[in-house]
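Here's the structure we're looking at; comments come further down.
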Amino acid sequence: MPELPEVETIKNALVPVVVGQSIVDVELFWQKALSKPSPDEFRRELIGQTLEGIRRRGKYFLFDLSGDKTMILHLKMTGALLFETNSDQKHITAIFRLNGTDLYFIDQRKFGSLWLVKDEQEVIGKLGPEPLDNNFTPGLLSQVVNRHSIPIKALLCDQHAVAGIGNMYADEALFAARIHPLKRAKDLNISEINGLHDSIIEVLERGIRHNGASISTYRLPDGAEGMAHTQFQVAHRRGEVCLTCGSPITRISIRGRGTYFCPHCQPE
DNA sequence: CCCGGAACCTGAAGGC
DNA sequence: TGCCTTCAGGTTCCGG
């Protein structure tokens with residue numbers, strides 16, 4: 001599932017290829033993916049514009065255009081952005097035909113979303129801090145954590161608390177920090193918060209270094225798989241043992257999300 | 001404030 | 001083999 005490292009990896013792969021290209025045509029096959037504006041307006045406004053840059057905020061892609069609007073895209077759970085296609089691609093949500101490349105927005109479960117807006121804040125304005133920015137300090141994390149009494153796992157997945165962390169990397173960060181996922185956020189002490197801060201950065205950066213995790217449908221734009229899942233200590237390791245202590249990895253459900261952890265390394 | 005559940009979707013996996 | 005159910009999890013919303 002695309003989380004911060006996956007979105008960052010895709011963005012970094014797209015930039016050298018598509019930035020500078022102009023949009024020749026836009027085909028939208030799943031209209032419900034488009035939150036704003038209307039499909040006609042979307043197509044009319046995009047055609048002829050140049051892609052001037054791509055940024056990431058949390059799990060969102062922000063496409064800077066030569067006009068005064070920004071196209072925003074979210075892959076949700078099964079979305080992918082691919083160059084060309086391997087002929088039998090199903091589930092095409094949209095095709096962006098550029099003057100040098102065709103960019104396909106593929107989405108098996110059709111949860112992905114698109115926007116074209118003047119003010120990007122109306123889409124991403126409520127996101128929490130970027131965990132890989134310099135301003136994401138232990139003190140900032142402490143402020144966020146102390147405001148909530150929900151399980152720390154649930155808080156890490158809340159995009160309004162910290163942006164970009166999803167189910168997989170939340171489990172990985174908590175394992176690295178040796179914190180039980182059900183521990184109430186505000187019950188974390190200073191040293192746990194400091195450790196969690198460092199662990200969040202560590203697991204996200206490791207994810208990026210390994211090109212993201214191909215647990216599900218995630219692919220790089222050229223179709224290659226990421227390797228970050230081979231580094232996972234607990235996430236999606238159902239039925240396996242902890243690489244640190246040999247205890248069986250346990251799976252519980254927190255807020256309806258599968259949560260993997262080591263009960264020995266992450267005691268209550 | 002916190003939680004559970006539903007909704008949006010499809011395909012994979014498991015049970016019988 | 002095949003039908004049926006459950007599960008997967010990013011985000012939002014709604015009710016208790």
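Note that the structure is predicted; figures quoted are calculated from it, not measured. Lettering of chains follows the sequences in order, A, B, ..., and the numbering in each one begins at 1.
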Close side-chain approach of [X] to [Y], heavy-atom, < 4.5 Å:
{"X": "L196(A)", "Y": "I179(A)", "result": "yes"}
{"X": "R97(A)", "Y": "E27(A)", "result": "yes"}
{"X": "F261(A)", "Y": "I252(A)", "result": "yes"}

Just call it for [X]: base, sugar-phosphate, or nothing, with non-hydrogen atoms closer than 4.0 Å on any strand.
{"X": "T78(A)", "answer": "nothing"}
{"X": "R184(A)", "answer": "nothing"}
{"X": "M1(A)", "answer": "sugar-phosphate"}

Looking at [X], I'd like to know whether one of its side-chain N or O atoms comes within less than 4.0 Å of OP1 or OP2 on [N].
{"X": "Q159(A)", "N": "dG10(C)", "result": "no"}
{"X": "S149(A)", "N": "dC2(B)", "result": "yes"}
{"X": "H148(A)", "N": "dC1(B)", "result": "no"}
{"X": "K76(A)", "N": "dT12(C)", "result": "no"}

For DNA chain C, which consecutive runs of 3 or more Watson-Crick or G-U pairs (each distance under 3.5 Å) count as stems?
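The stems are B:2-8 with C:10-16, B:10-16 with C:2-8.
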Taking the hydrophobic residues Ile, Leu, Val, Met, Phe, Trp and Tyr, and joining any pair whose side-chain heavy atoms are under 4.5 Å apart, which ones share a cluster with F175(A)?
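Other cluster members: V234(A), I249(A), Y260(A).
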When clusters are formed from ILVMFWY side-chain contacts under 4.5 Å, directly or step by step, what else is grouped with L62(A)?
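Via sub-4.5 Å side-chain contacts, L62(A) links to Y60(A), I72(A), W115(A), V117(A), V123(A), I124(A), L127(A).
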Rounded to the Å, how far apart are [X] [atom1] and [N] [atom2]?
{"X": "I72(A)", "N": "dT11(C)", "atom1": "CD1", "atom2": "C1'", "result": "15 Å"}
{"X": "M77(A)", "N": "dT12(C)", "atom1": "CE", "atom2": "C1'", "result": "14 Å"}
{"X": "I254(A)", "N": "dA8(C)", "atom1": "CD1", "atom2": "P", "result": "13 Å"}
{"X": "H74(A)", "N": "dT11(C)", "atom1": "NE2", "atom2": "P", "result": "4 Å"}
{"X": "F61(A)", "N": "dG10(C)", "atom1": "CZ", "atom2": "C1'", "result": "14 Å"}
{"X": "I150(A)", "N": "dC1(B)", "atom1": "CD1", "atom2": "C1'", "result": "10 Å"}
{"X": "L182(A)", "N": "dC2(B)", "atom1": "CG", "atom2": "P", "result": "15 Å"}
{"X": "R257(A)", "N": "dA8(C)", "atom1": "CZ", "atom2": "C1'", "result": "9 Å"}

Given dG10(C), dT11(C), dC8(B), the nucleotide with the shortest approach to the side chain of Y60(A):
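Nearest listed nucleotide: dT11(C).
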Can you tell which of dC9(B), dA8(C), dC3(B) lies closest to the side chain of P151(A)?
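For the P151(A) side chain, the nearest candidate turns out to be dC3(B).
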For the [atom1] atoms, the ones on [N] and on [M], what distance do you get once it is rounded to whole angstrom?
{"N": "dT5(C)", "M": "dA6(B)", "atom1": "P", "result": "16 Å"}
{"N": "dG5(B)", "M": "dT6(C)", "atom1": "P", "result": "14 Å"}
{"N": "dA12(B)", "M": "dT11(C)", "atom1": "P", "result": "24 Å"}
{"N": "dC7(C)", "M": "dG4(B)", "atom1": "P", "result": "16 Å"}

Test item: side-chain donor near acceptor, T101(A) and Q21(A), under 3.5 Å:
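Distance-only check passes for T101(A) and Q21(A).
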Looking only at side chains, do D40(A) and S38(A) share a donor and an acceptor under 3.5 Å apart?
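Per modelled atom types, D40(A) and S38(A) side chains form no pair under 3.5 Å.
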Value rounded to 0.5 Å, distance of NE2 in H236(A) from CE in M1(A):
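Between atom NE2 of H236(A) and atom CE of M1(A) there are 5.5 Å.
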I need the minimum non-hydrogen distance between [X] and [Y], along with the two atoms involved.
{"X": "M71(A)", "Y": "L46(A)", "answer": "SD-CD1, 3.9 Å"}
{"X": "A235(A)", "Y": "M168(A)", "answer": "CB-O, 3.8 Å"}
{"X": "G79(A)", "Y": "P2(A)", "answer": "O-CG, 4.0 Å"}

R255(A) (side chain) and dT12(C) (base): donor-acceptor pair under 3.5 Å
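Checked by distance alone, the answer is no.
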Among L114(A), I92(A), I95(A), find the residue that satisfies the side-chain contact (heavy atoms from CB on, under 4.5 Å) test when tested with F105(A).
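For F105(A), the side-chain contact (heavy atoms from CB on, under 4.5 Å) check succeeds only for L114(A).
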Should F111(A) be counted as stacked on dC8(B), where stacking needs a ring-centre gap under 5.5 Å and an angle between planes under 30 degrees?
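Check passed, F111(A) stacks on base of dC8(B).
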Are there any protein N/O atoms within less than 3.5 Å of an N/O atom in nucleotides 10-14 of chain B, and if so, which ones and at what distance?
from: dT10(B); atom 1: OP1; to: K110(A); atom 2: NZ; distance (Å): 2.6
from: dG11(B); atom 1: OP1; to: H91(A); atom 2: NE2; distance (Å): 3.4

Under 4.0 Å, heavy atom to any atom of DNA chain B: which of residues 201-211 of chain A qualify?
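The stretch gives none, as no residue of it lies under 4.0 Å from the strand.
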Take H160(A) and R238(A), find for each the nucleotide of DNA chain C with the closest heavy atom, and name the residue whose nucleotide sits nearer the 5' end.
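Closer to the 5' end of DNA chain C: R238(A).
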Filter on side chain to side chain donor-acceptor pair (under 3.5 Å), then keep only pairs touching residues 122-134 of chain A, sequence neighbours left out; what's left?
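Qualifying pairs, neighbours excluded: K36(A)-E122(A), R56(A)-E130(A), R57(A)-E130(A).
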